[in-house]
Amino acid sequence: MTAAPLPPPPDTRLPHGFTVELAPDAHRSRDGRLVLGGSPPRVLRLSATAAGLLGRGRFTVTDRATGTLARRLLDIGVVHPRPDTGPVRGTTVVIPVRDRSDLVRQLLTRLAADPQTADLPVLVVDDGSARPAELAAAVRRYGARLLVHPRNLGPAAARNTGLRHATTPYVAFLDSDVLPTTTSYATPPASAAASPGPAPPPS
């Protein structure tokens with residue numbers, strides 16, 4: 001029997017012009033070669049080229065190499081997207097959470113009160129809550145859709161569940177303890193960064 005060749009991995013590079021910025025909770029060594037941050041926290045060893053790109057705390061994708069680096073750093077969580085602002089459209093908001101019904105209620109209230117996000121589809125992924133009824137009540141009140149993991153699988157799995165159920169071209173992830181003050185997180189191409197791929201260590 002001849003085994004069929006495996007398909008190539010999907011291209012998850014970020015597009016040209018996409019800007020990422022060092023996360024506020026990330027810390028760098030003096031020479032910039034070591035970065036502590038991400039979720040879960042880890043120490044990354046960057047090449048001299050990668051450290052130079054991130055020297056000012058942000059860089060913009062200009063070619064294949066910088067697109068791949070930005071994608072990996074974003075998946076690990078040591079950088080955040082910094083897109084141009086624009087109208088919010090074609091974006092689903094995904095909120096991974098375990099319990100924290102009060103925080104989810106506050107976040108959904110903020111989204112509903114903002115004309116820019118009030119009509120966006122919202123998916124709340126319950127990642128094995130100990131009190132699922134409380135979370136379900138909060139989600140129903142605001143007309144969001146609830147997806148449930150019967151047991152805790154972790155934030156990455158919850159985000160992937162939301163991504164699989166989204167039907168819009170773009171997805172934006174919001175943590176339950178965040179109250180956004182702008183809508184840039186939901187404006188393409190920022191939300192394009194929400195398609196998580198494997199996160200191998202950057203070279």
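FYI, side chains are in, hydrogens and waters are out, and symmetry mates aren't considered; it's all heavy atoms of this structure.
- Between Asp75 and Arg71 there is a salt bridge, since at least one side-chain N of the basic residue sits less than 4.0 Å from a carboxylate O of the acidic one.
- With values rounded to the nearest 0.5 angstrom, Leu69 atom CG is found 7.5 Å from Leu54 atom CG.
- No side-chain heavy atom of Val94 sits less than 4.5 Å from a side-chain heavy atom of Thr161.
- With no hydrogens or angles considered, no side-chain donor-acceptor pair links Thr91 and Thr168 at under 3.5 Å.
- Counting heavy atoms from C-beta outward, Leu111 and Leu174 have side chains that approach closer than 4.5 Å.
- Between Ala158 and Val125, the closest heavy-atom pair is O-CG2, 3.5 Å.
- Scanning both residues, His149 and Asp127, for their nearest heavy atoms gives ND1-OD1, 2.9 Å.
- Residues Val20 and Leu73 have side chains not in contact (no heavy-atom distance under 4.5 Å, counting atoms from C-beta outward).
- Annotation: side chain of Val124 is not in contact with side chain of Leu147 (no heavy-atom distance under 4.5 Å).
- Side-chain contact between Val148 and Pro132 is absent, with no heavy-atom pair separated by less than 4.5 Å.
- In terms of heavy-atom proximity, Arg98 sits nearest to Asn152 at CD-ND2, 3.6 Å.
- No side-chain heavy atom of Leu123 sits under 4.5 Å from any side-chain heavy atom of Val93.
- For the residue pair Phe59 and Thr66, the shortest heavy atom distance occurs at CE1-O, 3.7 Å.
- Contact record, Ala118 with Ala112: CB-O, 3.4 Å, taken as the closest heavy-atom pair.
- Put simply, Leu146 and Val122 are part of the same group of oily side chains (I, L, V, M, F, W, Y) that touch within less than 4.5 Å, one to the next.
- The environment of CG in Asp63 is crowded: more than 12 heavy-atom neighbours from other residues, nucleotides or ligands sit within 6.0 Å.
- In this structure, a donor-acceptor pair under 3.5 Å is absent between the side chains of Tyr170 and Thr92.
- Residues Val35 and Leu46 form a side-chain contact, since some pair of their non-hydrogen atoms from C-beta on lies under 4.5 Å apart.
- Listed here is the closest heavy atom pair of Ser101 and Ala138: O-CB, 4.1 Å.
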So Arg58 and Thr19, side-chain hydrogen bond (donor to acceptor under 3.5 Å, both in side chains) or not? Walk me through it. CA-CA 7 Å; Arg58 66 168 64 192; Thr19 299; 5.9 Å; no
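- Judged by distance alone, with hydrogens and angles left aside, the side-chain atoms of Thr117 form no donor-acceptor pair with the main-chain N or O of Leu120 at under 3.5 Å.
- The side chain to side chain donor-acceptor pair (under 3.5 Å) test with Ser176 is passed by exactly one of Arg105, Gln106, Arg100: Arg100.
- Two residues are said to be in side-chain contact when any heavy atoms from C-beta on lie closer than 4.5 Å; Val104 and Leu135 meet this criterion.
- Panel note: side chain Asp175, backbone Val178; no donor-acceptor pair is recorded below 3.5 Å.
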